[in-house]
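Heads up, the thing below is written out as structure tokens.
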Amino acid sequence: MPLGLIALALGAFGIGLTEFVIMGLLPEVAADFGVTEAAAGWLISGYALSVVVGALFLTAATTRLPRKPVLLGLIVLFIIGNALTALAPGYGLAMVGRIIAALTHGAFFGIGSVLAASLVPAAKKAGAIAIMFTGLTAANVLGVPFGTFLGQQLGWRATFWAIAVIGVLAFIGIALLVPATHDNAPTRLRDELGAFRSGQVWLSLIVTVLAYGGMFGAFTYIAYTLTEVSGFASSMVPWLLVLFGVGLFLGNWAGGKAADRSIDATLIVFVAALVVVLVGFALVAASGPATVVALFLMGGFGFGTVPGLQSRIMGYAASAPTLASGANIGAFNVGNALGAWAGGVGIAAGLGYTSPIWIGAGITALALVVMVAAALTARSAKTVSAPARTTTVAVPADAARSAKTGSAPAPTTTVAVPADAAR
């Protein structure tokens with residue numbers, strides 16, 4: 001395994017920690033700035049929206065630049081954003097710091113995925129992307145609980161200083177361990193935009209939005225489900241979320257391995273399994289032991305789609321994959337917002353705290369339909385474009401003359417004809 005993948009995973013760990021750790025520190029942040037928790041929540045929502053903007057526009061603005069230096073520049077902005085958040089005397093400057101850090105998120109994962117794939121042979125690209133995204137899953141498993149603990153013990157600002165230090169380590173690692181020789185030549189913005197002429201690119205983006213949206217529709221309100229439906233004490237919620245994170249970690253690894261063998265088949269199986277898991281979770285949510293199993297499987301099958309989704313869109317935008325890759329990172333966050341909104345609608349309608357899981361299952365079922373259609377369309381296109389099998393047949397150049405004179409066999413010419421016709 002190239003050491004450069006470890007450096008990229010460390011950067012992904014820091015970025016994942018920035019996105020998720022603040023959820024456990026909102027009460028401290030709100031109290032420090034003297035704002036309501038709803039207002040403090042915009043530090044999460046504003047981050048997610050900024051990820052989408054950065055994934056598209058920041059990636060597009062840097063398409064003509066070499067990828068490794070761009071990645072290092074993004075890490076510098078990431079460090080500045082988190083340091084600014086840690087130093088902020090008031091809510092407004094903290095929001096600015098969050099936005100600066102978020103703008104680097106989508107571009108980092110978009111460009112980093114392309115670089116990660118370039119470090120390994122073609123047959124291992126999805127696995128390489130999975131290794132990079134392991135940093136994101138580790139942020140959920142290890143980073144968020146420890147980051148929350150650090151913030152509660154030493155103040156929430158200490159957590160963001162720690163994240164800035166992680167950014168410095170990632171910068172050093174990428175600078176030293178990601179070879180410049182793997183930094184493919186930059187492409188023109190026109191070429192990058194041309195990748196979006198592919199219908200498969202758009203279908204991939206739709207699957208990303210729906211599959212990820214379905215999982216996060218259920219996950220956004222999971223604390224309410226665990227306490228109000230499953231009967232767990234609120235003190236158990238962080239440990240149950242660690243279990244969910246373990247599922248993310250293992251699913252990411254398994255999904256990457258499987259996608260290296262067949263991307264479309266892997267995505268169909270994992271998305272279909274996620275639908276089954278979500279429906280089962282909604283049915284057994286009142287049972288504590290069954291909920292534990294369902295929570296683990298939801299994380300596993302939900303995040304197991306990520307390497308395949310990222311590899312698929314890069315494959316169909318192969319000549320200019322950077323912007324399409326960044327757009328897919330934006331699509332993950334659009335799905336996050338869609339799922340959270342749809343789940344909230346169910347709760348507001350009085351449908352109970354299992355309604356986000358049912359809604360998530362419905363959204364994921366739509367993802368399955370689109371994915372199957374995309375796979376069938378891709379297979380049909382390959383069948384149409386593939387050249388027909390041929391066989392060679394020796395045909396006498398002048399069979400009649402040879403028959404009349406009884407002379408030596410006439411010169412022959414070789415003709416390629418369809419194999420079925422030859423038979």
Side-chain angles (χ1 to χ4, degrees), residues 10-59 72-109 135-136 138-140 142-171 216 219-221 223 238 241 329-330 332-334 336-337 340-341 344:
L10 182 59
F13 176 81
I15 290 176
L17 192 54
T18 301
E19 180 175 19
F20 297 117
V21 75
I22 196 170
M23 296 178 186
L25 296 173
L26 273 187
E28 289 80 4
V29 173
D32 191 12
F33 291 140
V35 298
T36 65
E37 289 200 3
W42 275 102
L43 294 171
I44 300 173
S45 303
Y47 184 98
L49 294 174
S50 299
V51 169
V52 179
V53 173
L56 295 175
F57 295 101
L58 197 56
T59 305
L72 291 172
L74 291 172
I75 291 292
V76 171
L77 282 178
F78 169 79
I79 296 168
I80 292 172
N82 282 286
L84 191 60
T85 301
L87 288 168
Y91 176 84
L93 199 57
M95 177 65 81
V96 171
R98 291 286 290 168
I99 290 172
I100 291 173
L103 288 174
T104 69
H105 183 126
F108 177 88
F109 280 104
L136 187 61
N140 283 277
L142 301 173
V144 171
F146 285 106
T148 301
F149 176 78
L150 178 65
Q152 290 173 343
Q153 298 301 312
L154 302 179
W156 67 269
R157 297 174 190 272
T159 299
F160 285 90
W161 280 121
I163 294 171
V165 171
I166 292 171
V168 172
L169 295 176
F171 179 94
F216 264 89
F219 180 70
T220 301
Y221 303 96
L241 295 185
I329 300 300
F332 282 117
N333 282 270
V334 171
N336 190 339
W341 171 79

Exercise for the section: Any chance you could measure W161, atom CH2, to T85, atom OG1, to the nearest 0.5 Å? Expected result: 10.0 Å
Practice task
Give the ring-plane orientation class for F109 versus H105, where under 30° counts as parallel, over 60° as perpendicular and anything between as tilted.
Solution key: tilted
Problem - Main-chain N/O of Y47 paired to R98 side chain as donor or acceptor, under 3.5 Å - result: no
Practice task
In sequence, state the C-alpha distance, the side-chain angles, and the governing distance for I163 and F78, and then conclude on side chain to side chain contact (heavy atoms under 4.5 Å, CB included).
Solution key: CA-CA 9 Å; I163 294 171; F78 169 79; 3.5 Å; yes
Handout entry: Shortest non-hydrogen separation from A12 to F108 and the atoms involved
Key = N-CE2, 3.7 Å
Practice task
Using a 4.5 Å cut-off on heavy atoms from C-beta on, say whether the side chain of V334 contacts that of V52.
Solution key: yes
Exercise for the section: To the nearest 0.5 Å, tell me how far S50 OG sits from I99 CD1. Expected result: 4.5 Å
Practice task
Can you run down the salt bridge (Lys or Arg N to Asp or Glu O under 4.0 Å) pairs that involve residues 147-159, sequence neighbours left out, and say none if there aren't any?
Solution key: D32-R157
Handout entry: side chain to side chain contact (heavy atoms under 4.5 Å, CB included) assessment of L87 paired with F160
Key = CA-CA 9 Å; L87 288 168; F160 285 90; over 6 Å; no
Problem - Separation of I79 CD1 from F171 CZ (nearest 0.5 Å) - result: 7.0 Å
Practice task
May I have all residue pairs that pass salt bridge (Lys or Arg N to Asp or Glu O under 4.0 Å) and include part of residues 39-50, sequence neighbours excluded?
Solution key: none
Practice task
For A170 and L10, work out which heavy atoms get closest and say how close.
Solution key: N-CD2, 3.7 Å
Fill in the blank from the handout: Of all heavy-atom pairs linking A101 and N82, the shortest is CB-ND2, 4.0 Å
Problem - V53 and L49, any side-chain heavy atoms less than 4.5 Å apart - result: no
Handout entry: CG on L84 to CG on L93, rounded to 0.5 Å
Key = 4.0 Å
Exercise for the section: First locate atom CZ of F146, then atom CD of Q153, and finally report the distance between them rounded to the nearest 0.5 Å. Expected result: 12.5 Å
Practice task
Kindly say whether the aromatic ring centers of F216 and F219 come within a distance under 6.0 Å.
Solution key: yes
Exercise for the section: May I have the step-by-step check of side chain to side chain contact (heavy atoms under 4.5 Å, CB included) for V29 and V35, ending in yes or no? Expected result: CA-CA 8 Å; V29 173; V35 298; 6.0 Å; no
Fill in the blank from the handout: The single option from T159, I166, I22 that satisfies side-chain contact (heavy atoms from CB on, under 4.5 Å) with L17 is I166
Practice task
Kindly compute the distance separating OG1 (T104) from CD1 (I15), expressed to the nearest 0.5 Å.
Solution key: 4.5 Å
Exercise for the section: Would you indicate whether the side-chain heavy atoms of L150 and W156 approach each other to under 4.5 Å? Expected result: no
